[in-house]
> 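The structure under discussion is supplied below as structure tokens; questions concerning it will follow.
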Amino acid sequence: MATSTSEAVAVEGREPWDVERIREDFPVLRQTVHGKPLVYLDNAATAQKPLAVIDAERNFYLRDNANVHRGVHALSERATRAYEEVRTKVQRLLNAREAREIVFVRGTTEAINLVAATYGRKNVQAGDEILISAMEHHSNIVPWQMLCEEKGARLRVAPINDRGELMLDEYEKLLGSRVKLVAVTHVSNVLGTINPLPEIVALAHQRGIPVLVDGAQAAPHLKVDVQQIDCDFYAFSSHKVFGPTGIGALYGKARLLEAMPPYQGGGDMISSVTFEKTLYNVIPYKFEAGTPNIAATIGLGAAIDYLERIGLERIARQERELLVYATESLSRIPGLRIIGTAREKAAVISFVMDGIHPHDIGTVLDQEGVAIRTGHHCAQPLMEWFGIPATARASFAFYNTQEEVETLVRSIEKVKEIFQ
Ligand code: C6P
């Protein structure tokens, strides 16, 4: 096998933290935008990819490209082995009990839709309730709304406080006998809030209610342990964990996945087909109809290897330092208000500024080479909750630096000079 160019520069978990060395693994960061060095602070939307990921996809197409689970020839066997190895890597990443509890999907959105369309359709009836929280992304609202509409069920919303923390006592009050499923985010993409999942899950399980966790914003920042959380489903997207787009995973407890009807019909999800009757494949294949995104899956595997080489605990520590530094620096800017001040936060900072629309902030920052996201961040009900139309959002990754935080602050000062 050819050695990927990136393996030579990847940082091992034991070495001292060297952000400049890490940045060498991300060629996209080495560029200027509008004549200024790029400061990429839109990691919650999608993260940049290390060479290890880019090379893994390229090498797959250069050497191994074939369909999986279908051929007896060498390339197909190689492709199948590589593809299934990634399932084991995802199992390890999430600390799932078994590899068959990992279903490959297009991303978090598809994972949640899969559970709504299979578990939901089977188990939710008229008059039942699904409990979500006020800080959910549209991907963890709309599939449940669609299910409720179809079944005559009701969507309930657990409230949050002014800091953007889930109010556990109110959440508990909503866990009535009609609730058939709790769907909650691990980390809010707008507020950065890290939800207390073990408590949330324990309260639901005491009443026999399963819990789905939207892990889209947690997987890039935290060491996730689905056995410790004891959630029933956990969803994440590869492109937010430094892997390719178009792939992600759904973790589901084996006994739940086994009892669920299939999602889509087609190739690979069957064990036998006649015109009279189809017998379905075992899990997880029952949920993986059609040729999957094989190359992207291989890329996801390389991203997981890369993250594990650096160490997710170390990543969380570095990002925590960046978050504290950025929060302190932004808090000193008069007229700027941070939206989301939970005690437990990941490295995401949303803010608004007196008299300045977030889109204007984003446009001026772009001219300074600083990429942030502005808008409702696919969380319109949350914007309404805070009584604001939009926020500006800086979201960090382990390759961001304190100097970049300083550039962000200087650029915001420029916004003020222009608009105030
Ligand atoms: N949030 C953001 O800029 P997909 O698109 O399926 O990979 O992920 C959807 C999703 C689900 N849940 C949460 C908490 C998310 O943050 C996201 C994606 C991006 O905040 C794009 S809208």
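As the structure lists them, so they are numbered: ligands from 1, and atoms in each ligand from 1.
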> Quiz question: by atom type and distance under 3.5 Å, do the side chains of S271 and N281 form a donor-acceptor pair?
no
> Regarding H377 and T391, is there a side-chain donor-to-acceptor distance under 3.5 Å anywhere?
yes
> Can you tell me if H186 and D214 form a side-chain donor-acceptor pair at under 3.5 Å?
no
> Counting only N and O atoms by type, is there a donor-acceptor contact under 3.5 Å from the side chain of Q125 to the main-chain atoms of K122?
yes
> At less than 4.0 angstrom from any atom of ligand 1, which residues have a non-hydrogen atom? List them by chain and residue number.
A44, A45, T108, T109, H137, S139, T185, N189, D214, A216, Q217, S237, H239, K240, R373, C378, R393
> Determine the sole option in Y399, F242, F26 for which the ring pair (Phe, Tyr, Trp, His ring centres under 6.0 Å) test with Y306 is passed.
F26
> With salt bridge (Lys or Arg N to Asp or Glu O under 4.0 Å) as the rule and sequence neighbours excluded, what pairs involving residues 102-120 come up?
R106-E110
